[in-house]
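Order of appearance sets the numbers: ligands from 1, and atoms from 1 within every ligand.
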Amino acid sequence: MKPFEHKKTVNSGKEFESACRRQGLALTIQRRAIYEALASRSDHPTADQVFDAISERLKGVSRTTVYRVLETFVGIGIAKKISNPESKARFDADTSRHHHLTCLACGCVLDMHAANLNNLQWPTAINNEFEIIDYSITFTGYCSDCRKRTATDDQHA
Ligand SMILES: [Zn+2]
Ligand SMILES: [Zn+2]
């Protein structure tokens with residue numbers, strides 16, 4: 001597998017259901033649809049993109065509800081919020097440890113799976129200051145589409 005290959009999310013619907021049950025969260029149609037919309041894609045959508053994906057299917061759902069439900073998913077640990085250079089939060093249903101490649105031109109976020117980044121050693125002195133629970137590394141750069149586009153633009157210039 002190429003380290004930056006798109007990988008389907010590891011969270012199944014079953015994990016979603018058991019997480020909701022564990023947290024005493026009702027399995028509403030809205031929550032299920034929002035989770036499915038997030039879990040079915042690997043492009044780390046913003047809350048707006050999730051809303052756009054389900055608003056046709058789920059009449060009457062509001063943008064605010066989608067925001068709130070996504071935050072709830074993060075709170076119960078079945079989704080993660082990804083730090084990225086944009087101001088808008090992006091969401092990921094893949095909660096396994098992995099890292100991200102963020103394009104500075106188009107803003108796309110790709111997954112990066114690299115075993116050597118999953119067992120990083122940090123100075124032990126840090127443990128006195130801060131208890132590290134999890135981490136994810138964001139690499140910034142330019143995706144292949146944007147690099148191709150720039151190359152074509154240069155040829156035409
Ligand atoms: Zn790009
Ligand atoms: Zn990811």
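Of the possible donor and acceptor atoms, none in the side chain of His98 sits under 3.5 Å from a partner among the backbone N and O of Asp111. Between the Arg90 side chain and the Asp43 main chain, a donor and an acceptor come within less than 3.5 Å of each other. With hydrogens and angles ignored, the 3.5 Å screen pairs no side-chain donor or acceptor of Tyr142 with any backbone N or O of Thr150. For the pair Tyr35 (side chain) and Gln30 (backbone), a donor-acceptor distance under 3.5 Å is absent.
For a distance threshold of 2.8 Å, the protein N, O or S atoms nearer than that to the Zn ion (ligand 2), listed by chain and number, are His44 NE2, Asp92 OD2, His98 NE2, His100 NE2, Asp111 OD1. Under 2.8 Å from the Zn ion (ligand 1), one finds the following protein N/O/S atoms: Cys103 SG, Cys106 SG, Cys143 SG, Cys146 SG.
Val61 and Val50 fall within a single hydrophobic cluster, where Ile, Leu, Val, Met, Phe, Trp and Tyr are joined by side-chain heavy atoms under 4.5 Å apart, directly or via other members.
Between the side chains of His113 and Asn118, no donor N or O sits under 3.5 Å from an acceptor N or O.
Between Phe73 and Phe16, the gap from one ring centroid to the other is short of 6.0 Å.
Residue pairs that meet the salt bridge (Lys or Arg N to Asp or Glu O under 4.0 Å) test with at least one member in residues 54-64, sequence neighbours left out, are Asp48-Arg63.
Under the salt bridge (charged side-chain N to carboxylate O under 4.0 Å, His left out) criterion, Glu71 pairs with Lys81, sequence neighbours left out.
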